Amino acid sequence: MDDFRRRPVNKVAPQPAPQPGMTPQARASQQLPVTTPVLAQPPVTSHQPQPIHHSETPPKMTKKKRIIIGVSGLIVIIIAAIAALFVWYMIQLRPVNAGNTDRTLITIASGTTPDEIARDLKDKGLIRSPTAFMWYTKLSHTQNLLQAGTYRLSPSESTQQIVDHLNKGLVDTFKITFLPGATVMQNKKVFLDVGYKQSNIDAAFSATYDSPLFVGKPASADLEGYIWGDTYEVGADATVSQILQKAFDEYNKNVQDNNLVAQFQSHGLSLYEGITLASIIQREASGTNNDDAQIAQVFYKRLGLNMPLGSDVTYQYIADKLGVPRDPNLDSPYNTRRYAGLPPGPISTPGIKALLAVAQPASGDYLYFLSGDDGVTYFANTLEEHNQNIANHCKVKCSSL
């Protein structure tokens, strides 16, 4: 009983008795509300619920994996370096200047090391890199095959071509050309252009040579007029003096074959004087109209009359040689406008046509000639005719004299 009495009892408020005559709605409104227990609510805050972030720690890289990545990166770097080195190597083997076909003289003495050869080639502008040269000869097993000798090499050749050249060890030959009508100054430049040193050229041109060609030539005269115009093929080891000797020998052969000494003498000229007169004709003739012999006739007539030859090319020659302006009034025995007779010596190397013109001049009685603006040589018997030729055919050329 005691437990029963202790139970909690829900107490209900007493309801008022309904009044007689009340409607059901009135009776319902008269009832008191029933009190119900109210459950406690959690406290409300003004903050919205925040998402929960879960922090994930990446797994640690293993030592093996780090090693693999490191080695892979190193391999990539090595491959890139090798590729760059290969590209550099191939570039260094290319010609220094593919468009320059000039030949440079190089002499490799016996006992010269490959490294010394490489440096010499570099110094002469024939290879790009001594290092690439050494690598190539090592890789191609040609380093010990480089042979001593004299070679003429070009910057248009690749390192491979130059090495092949040196391995063959053959004495090179080359061609050198002197032109008819050229002067000593011009022929010296020919030697310089093919690779000879200026000091060697000057020494050779100052040397004394033994040849029948020089009979009658004054000891004080230089080699003007004596370097026969032709193309010569000579060994790469040929000296300037040896090449000049070939030119003298060829010259003398033409003199002998055409009996020039005797024919010059028939006109009262020595060999030296005949060469001098021919050198003037060489520079005066047009070269295309076979006027050499007729010009020789004019000069012979003037010499016979003790008149100045009046050749413009003579004062032009000496002015150029002295490095002074070309002046028709230049005071020099080479100026045949001012001085009668032949100049002291040749003004160029004559060709065979000019030499034969002196030996066999044309017939005629002309006393004047001029080269017209059209390249044609016009002849005249009198000064009046000559002046008319100037007016008609030499407006440009003659105005600049």
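Values in this document were obtained by computation on a predicted structure and should not be read as measured data.
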Which heavy atom in [X] sits nearest to a heavy atom in [Y], and how many Å separate them?
| X | Y | result |
| --- | --- | --- |
| N258 | Q263 | O-NE2, 2.8 Å |
| E284 | S311 | OE2-OG, 2.6 Å |
| D292 | K353 | OD1-CE, 3.6 Å |
| E233 | K175 | OE1-CE, 4.1 Å |
| L105 | K124 | O-CE, 3.5 Å |
| A204 | V240 | CB-CG1, 3.4 Å |

If I take atom [atom1] from residue [X] and atom [atom2] from residue [Y], how far apart are they, to the nearest 0.5 angstrom?
| X | Y | atom1 | atom2 | answer |
| --- | --- | --- | --- | --- |
| I67 | K64 | CD1 | NZ | 9.5 Å |
| D120 | D115 | CG | CG | 11.5 Å |
| L271 | N252 | CG | CG | 8.5 Å |
| L269 | L277 | CG | CG | 6.5 Å |
| Q256 | L213 | CD | CG | 9.0 Å |
| L309 | K301 | CG | NZ | 14.0 Å |

Mutual orientation of the aromatic rings belonging to Y232 and F178 [parallel < 30°, tilted 30-60°, perpendicular > 60°]: tilted
Parallel, tilted or perpendicular: rings of Y251 and W228 (30°, 60°): tilted
Donor-acceptor pair, side chain of Q360 and main chain of A357, under 3.5 angstrom: no
Check the side chains of [Y] and [X] for a donor-acceptor pair under 3.5 angstrom, ignoring hydrogens and angles.
| X | Y | value |
| --- | --- | --- |
| D291 | T377 | yes |
| E116 | T113 | yes |
| N389 | E385 | no |
| Y317 | E224 | yes |
| S241 | T239 | no |
| D331 | Y339 | yes |
| D249 | Q245 | yes |
| Q282 | S348 | no |

More than 12 heavy atoms of other groups within 6.0 Å of [X] [atom1]:
| X | atom1 | answer |
| --- | --- | --- |
| N306 | CG | no |
| D374 | CG | yes |
| E384 | CD | no |
| D210 | CG | no |

Ring centre gap for Y209 and F248 strictly below 6.0 Å: yes
Ring centers of Y226, F214 separated by less than 6.0 Å: yes
Are [X] and [Y] close enough that some pair of their side-chain heavy atoms sits under 4.5 Å apart?
| X | Y | answer |
| --- | --- | --- |
| D320 | R326 | yes |
| V298 | F379 | yes |
| T231 | I176 | no |
| S332 | Y315 | no |

Can [X] and [Y] be counted as an ion pair, charged N to O under 4.0 angstrom?
| X | Y | answer |
| --- | --- | --- |
| K395 | D373 | no |
| D222 | K321 | yes |
| D193 | K189 | yes |

Cation-aromatic face contact R103/Y151, 6.0 Å, 45 degrees: no
Test: K122 cationic atom under 6.0 Å from F133 six-membered ring centre, within 45° of axis: no
Result of checking R283, R337, R338 against D312 for salt bridge (Lys or Arg N to Asp or Glu O under 4.0 Å): R337
